[in-house]
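Data first, discussion second: the structure below is written as structure tokens.
Convention: sequence-line order gives letters A, B, ...; per-chain numbering from 1. Predicted, not measured: the structure shown is a model, and the values here were computed from it.
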Amino acid sequence: AQSVSQHNHHVILSEAASLELGCNYSYGGTVNLFWYVQYPGQHLQLLLKYFSGDPLVKGIKGFEAEFIKSKFSFNLRKPSVQWSDTAEYFCAVNVGNTDKLIFGTGTRLQVFP
Amino acid sequence: DAGITQSPRHKVTETGTPVTLRCHQTENHRYMYWYRQDPGHGLRLIHYSYGVKDTDKGEVSDGYSVSRSKTEDFLLTLESATSSQTSVYFCAISPGFDLAHTGKTYNEQFFGPGTRLTVL
């Protein structure tokens with residue numbers, strides 16, 4: 001069965017530190033890839049998405065992600081985090097043009113001033 | 001934000017009682033989904049719908065049923081609530097349309113505000 005792995009369960013950073021959150025998926029065919037963010041007490045919001053084309057995708061709030069097909073990865077990055085980035089981040093994969101998304105278990109990011 | 005509302009937003013109920021959660025959209029999207037979110041599990045799909053009266057099971061469908069009699073409404077029912085169904089429930093919608101007539105669908109999902117359900 002397809003799965004999505006987010007190995008970093010809890011990340012703690014100081015403001016201005018660089019961020020990289022890992023996401024790996026298990027599927028060898030066509031994929032659409034997403035990163036969602038959930039701020040405390042709120043619903044999930046889309047950060048960025050990859051469907052095709054340039055594997056380096058830029059999203060909102062300075063986030064970017066790189067799709068590396070050979071590594072089945074779609075890691076999220078931000079060069080300099082802010083306190084307001086404190087949230088939970090979810091990677092999701094839509095495989096083979098199906099109707100469903102498979103979510104990772106999420107990474108909780110805490111940024112301290 | 002996409003026009004998605006969920007009701008109720010909070011509910012406390014007792015074991016064995018039936019509970020119905022409602023998701024309402026104003027986007028006329030074809031696909032609607034129900035997820036539950038639990039610590040350490042992320043989001044897990046309960047049921048989804050790909051059109052009026054067309055539904056299918058997700059990975060954690062036991063104990064849940066759904067109905068979609070109108071495009072805009074997707075109901076999730078717990079026939080007899082159990083404590084293991086204490087969770088936060090999110091509805092999501094997706095257009096699922098073929099953007100460039102390539103035969104591909106783009107399953108970007110938009111989420112509702114969630115319903116926090118506590119079963120005592």
Side-chain angles (χ1 to χ4, degrees), chain A residues 1-10 21-25 27 29-53 57 59-60 65 74 76 87-109, chain B residues 1-6 9-10 23 25 29-51 54-61 88-116:
Chain A
Q2 296 87 13
S3 65
V4 177
S5 298
Q6 292 183 244
H7 302 294
N8 314 107
H9 299 295
H10 190 190
L21 301 182
C23 173
N24 290 90
Y25 61 93
Y27 182 73
T30 301
V31 292
N32 298 327
L33 299 156
F34 306 84
W35 275 99
Y36 284 86
V37 59
Q38 186 179 30
Y39 298 105
Q42 296 189 26
H43 62 285
L44 275 76
Q45 303 170 45
L46 185 68
L47 261 184
L48 48 78
K49 59 192 177 188
Y50 171 81
F51 292 146
S52 63
V57 179
I60 61 172
F74 189 56
L76 182 71
E88 191 152 17
Y89 293 80
F90 293 92
C91 180
V93 176
N94 170 229
V95 301
N97 296 322
T98 63
D99 308 325
K100 296 179 283 188
L101 289 182
I102 302 169
F103 282 86
T105 53
T107 297
R108 183 181 172 210
L109 172 66
Chain B
D1 287 344
I4 312 169
T5 56
Q6 292 184 230
R9 294 292 313 281
H10 301 272
C23 177
Q25 61 146 329
H29 283 348
R30 178 183 175 190
Y31 292 88
M32 298 185 76
Y33 306 81
W34 276 108
Y35 293 91
R36 60 178 290 173
Q37 183 179 28
D38 304 287
H41 291 277
L43 274 81
R44 293 180 291 175
L45 182 65
I46 304 171
H47 282 280
Y48 72 106
S49 168
Y50 46 96
D54 292 323
T55 65
D56 204 353
K57 295 179 180 179
E59 64 177 305
V60 290
S61 59
V88 180
Y89 291 84
F90 285 99
C91 174
I93 64 174
S94 172
F97 57 86
D98 185 343
L99 283 174
H101 309 289
T102 60
K104 299 175 74 172
T105 58
Y106 297 88
N107 198 8
E108 177 178 339
Q109 295 184 14
F110 303 92
F111 285 82
T115 294
R116 184 173 294 275

(request) Would you please test B:F111 and A:Q45 for side-chain contact (heavy atoms from CB on, under 4.5 Å) and show each step? (result) CA-CA 7 Å; B:F111 285 82; A:Q45 303 170 45; over 6 Å; no

(message) Show, in sequence, the C-alpha distance, side-chain angles and deciding distance for A:Y36 and B:Q109, and conclude whether the side-chain contact (heavy atoms from CB on, under 4.5 Å) test is met.
(response) CA-CA 10 Å; A:Y36 284 86; B:Q109 295 184 14; 3.7 Å; yes

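With a threshold of 4.5 angstrom between heavy atoms, A:Q6 does not approach chain B through any atom at all. Interface residue B:L45: only side-chain heavy atoms are found under 4.5 Å from chain A. Interface residue A:L46: only side-chain heavy atoms are found under 4.5 Å from chain B.
Environment of CZ in B:R116: sparse, with no more than 12 heavy atoms of neighbouring residues, nucleotides or ligands closer than 6.0 Å.
Residue A:Q38 comes nearest to B:F90 through the heavy atom pair NE2-CZ, 3.3 Å, listed as atom of the first residue, atom of the second, then distance.
You'll find the side chain of B:Q37 stays beyond 4.5 Å of the side chain of A:F103, heavy atoms only. With contacts defined as side-chain heavy-atom distances shorter than 4.5 Å, the pair B:Y48/A:K100 qualifies.
Top candidate by heavy-atom pairs under 4.5 Å with chain A, chosen from B:P113, B:P39, B:G42, is B:G42.
The structure places CZ of B:F110 at 10.5 Å from NE2 of A:H43, a figure rounded to the nearest 0.5 Å. How far CG of B:L43 is from CG of A:L44: 5.5 Å, rounded to the nearest 0.5 Å.
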